[in-house]
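Every number for a ligand or one of its atoms is a count from 1 in the order of the listing. The basis for the numbers below is simple: all heavy atoms, side chains too, and nothing from hydrogens, waters or symmetry mates. All residue numbers in this chain count up from 1 along the given sequence.
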Amino acid sequence: MAADYSRGAAAATGPLLVLGLETSCDETAASVVRLDEAGGAEVLSSVVHSQIDDHQAYGGVVPEIAARSHVEMIDGVAKRALADAGVGWGSLDGVAATAGPGLVGGVMVGLSYGKAAALARGLPLVAVNHLEGHAVSARLAAPAPYPFLLLLVSGGHCQLLEVRGVGDMSRLGATIDDAAGEAFDKIAKSLGLGYPGGPALEKLAEGGDGSRFDLPRALLGRKDCDFSFSGLKTAAARIAQTADTDQDKADLADAVQSAIARQLAERSARAMDLYAERHDHRLFVVAGGVAANHTIRRVLEETAARRGFGFLAPPLKYCTDNAAMIALAGAERLRLGLASPLDAPARPRWPLDEAKAASDPLFKAGRKGAKA
Ligand code: KG4
Ligand code: ZN
C-alpha cells in the first residue's frame with residue numbers, strides 16, 4: 001500500500017484554497033475552504049446533497065444505491081461548490097477527498113473524482129481520513145488550538161481521542177458494540193420513526209418525560225473510557241413494543257436520549273480526568289452527527305465546565321457529514337507540505353489511532369474494529 005502522505009513540497013505559505021469532497025456514506029458533498037496563515041478557516045461554500053429520500057424506504061443506507069447516487073451527483077455538486085465560492089479550478093491550491101473509513105463504493109467515487117481533478121489541474125491531492133475531518137470540524141467556526149480532548153460521536157463511530165496536532169491522536173476509549181448514532185437510529189426504528197433516527201427521536205423526546213423508565217446503565221463504575229449501547233438498544237426495543245400511546249413513545253424517547261447523554265458524559269468525564277493529568281490547557285471538543293443533539297451538547301458542556309474544561313462544538317451544519325471539514329483537514333496537511341500519492345487507496349477501515357488499533361486484538365475481526 002502506498003504511504004498515506006509524503007512531503008511533496010515545502011510547507012505552504014500564504015492563504016490556501018482547497019476543494020473538499022465527501023462521499024463516504026449517504027451525503028455527496030463538496031466545499032471550498034480558505035485557510036489563512038494564522039490557522040483561521042473560512043468556508044466559502046458548502047454543498048451537501050443528502051440521499052435520505054433514496055434510502056428512506058429501506059430504513060437505512062443501501063451501499064449500492066449510495067454509490068450509484070454519488071456517481072450521478074459528484075460532478076454537479078463539486079462544480080456548484082466552486083460556483084458558490086466564486087472561484088475557478090485555477091485558483092485552488094489543492095484537492096482533498098475522503099479516502100475512508102466508510103462504504104467503499106462511495107469512497108471510491110469521491111476519491112477518484114479528486115484524483116482526476118488533481119491530475120488534470122496539476123494540483124496536490126490529500127486523501128483525508130473522514131474521522132480526521134470530524135476531528136477538525138469545530139475549527140471551521142472557532143479557533144480550537146491543539147491539543148484538545150475530542151469526543152467523536154456519529155452514526156458509525158463513538159470514541160474519545162487525545163488530539164495533539166494534525167493527524168496526531170491517541171484513542172482513550174471507544175464503543176465495544178454500537179456507536180451512539182447507531183443506537184439512536186435503531187431505537188428510533190423500533191419506535192416507528194423514519195431514518196435517520198437521531199433528529200426524529202430528539203424531536204419526539206421534546207414532549208416526553210423519561211423518568212418513568214429505568215434503562216440499563218452500561219459499564220457503570222468501570223475505570224476505562226469505553227462505551228456500550230447494545231444493552232440500552234435491546235431494553236428500549238422491548239419497551240417500545242408496549243408503548244401504545246404517543247405519550248408513551250415520547251416518554252421512552254426522552255428516557256433513551258437522557259441515557260445516551262448520561263453515558264457520553266460519564267465516559268467523557270473519566271477521559272477529562274486522564275487528560276488533565278497530562279495537559280494544562282483544557283479544551284473539550286465534541287463532533288460528529290450526534291453532537292447536533294441539543295440535550296447532549298448541554299449535558300457535555302455542563303460536564304466540561306464542572307471539570308474546568310473549555311467546551312467547543314461545531315455549528316449544527318458541520319456536525320453531520322459535510323465536505324468543509326474534509327477541505328480543512330486537507331488544507332492543514334498541505335500547510336505542513338504533506339500530500340498523498342495519486343494511487344492512494346480507498347480504505348473501508350482506517351483507524352485514527354493506527355498504533356492502538358494494531359495492538360488491539362478486537363480491531364481486525366471484532367465489531368470494535370468497524371466502529372473504531
Ligand atoms: O456524522 P454523521 O453525519 O455520519 C457518520 O459519520 O456516521 O452522523 C450521522 C448520525 C446518525 O446516526 C444520526 O441519527 C445522528 O448522527 N444524528 C443525531 C442527530 N442528528 C444526527 N443523533 C441524535 N440527535 C440528533 N439531533
Ligand atoms: Zn461522519
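Listed by number with element, the atoms of ligand 1 under 4.0 Å from a non-hydrogen atom of G156 are 7 (O). Of all the atoms in ligand 1, the ones that sit under 4.0 Å from a non-hydrogen atom of S154 are 1 (O), 5 (C), 6 (O), 7 (O), 8 (O). Near H134, the atoms of ligand 1 lying under 4.0 angstrom from a non-hydrogen atom of the residue are 1 (O), 6 (O).
Counting heavy atoms under 4.0 Å from ligand 1, residue H130 touches it through the side chain alone. At a heavy-atom distance under 4.0 Å, no atom of H294 approaches ligand 1. Heavy atoms of D185 found under 4.0 angstrom from ligand 1 belong exclusively to the side chain.
By the 4.0 Å N-to-carboxylate-O rule, E64 lies too far from R68 to be salt-bridged with it. Residues E266 and R270 are not paired through a salt bridge, judged by the lack of any N-O separation under 4.0 Å between the basic side chain and the carboxylate. Of the charged side-chain nitrogens involved, none lies within less than 4.0 Å of a carboxylate oxygen, so that D254 and R212 do not count as a salt-bridged pair. Between K189 and D185 there is no salt bridge, since none of the side-chain N atoms of the basic residue sits less than 4.0 Å from a carboxylate O of the acidic one.
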Practice problem: May I have the step-by-step check of salt bridge (charged side-chain N to carboxylate O under 4.0 Å, His left out) for D224 and R267, ending in yes or no? | Solution: CA-CA 8 Å; D224 59 30; R267 314 319 288 163; 3.0 Å; yes
Quiz item: Going through the checks in order, is the side-chain contact (heavy atoms from CB on, under 4.5 Å) test met by Y113 and T23?
Solution: CA-CA 10 Å; Y113 187 92; T23 56; over 6 Å; no
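Heavy-atom separations between C25 and ligand 1 are all 4.0 Å or longer.
Distance check, rounded to the nearest 0.5 Å: CG of L131 to CG of L150 gives 9.5 Å.
Using bins of under 30°, 30° to 60° and over 60° for the plane-to-plane angle, the ring pair H130/H134 lands in the perpendicular bin.
Protein heavy atom in closest approach to atom 24 (N) of ligand 1: N293 ND2, 3.1 Å. The protein non-hydrogen atom at the shortest distance from atom 10 (C) of ligand 1 is G155 N, 3.4 Å. Remark: minimum distance from atom 26 (N) of ligand 1 to any protein heavy atom is reached at E202 OE1, 2.7 Å. Residue, atom and distance of the protein heavy atom nearest to atom 2 (P) of ligand 1 are D321 OD1, 3.4 Å.
Around the Zn ion (ligand 2), the protein atoms of type N, O or S found under 2.8 Å away are H130 NE2, H134 NE2, D321 OD1, listed by chain and number.
With hydrogens and angles disregarded, a donor-acceptor distance shorter than 3.5 Å links the side chain of D353 to the backbone of R171.
Considering backbone and side-chain N/O of G181, one or more are found under 3.5 Å from N/O of ligand 1.
In terms of heavy-atom proximity, A304 sits nearest to G310 at CB-O, 4.3 Å.
Considering each of G198, G289, G288, the one bringing a non-hydrogen atom nearest atom 21 (C) of ligand 1 is G289.
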Distance-only donor-acceptor pairs under 3.5 Å for side chains of residues 30-48, two or more places apart:
residue	atom	partner	partner atom	Å
S31	OG	S45	O	2.7
D36	OD1	A38	N	3.0
D36	OD1	G39	N	3.0
D36	OD1	G40	N	2.8
E37	OE2	G14	N	3.3
S45	OG	V32	N	3.2
S45	OG	A81	O	2.7

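If you look at F309 and F311, their ring centroids are not closer than 6.0 Å.
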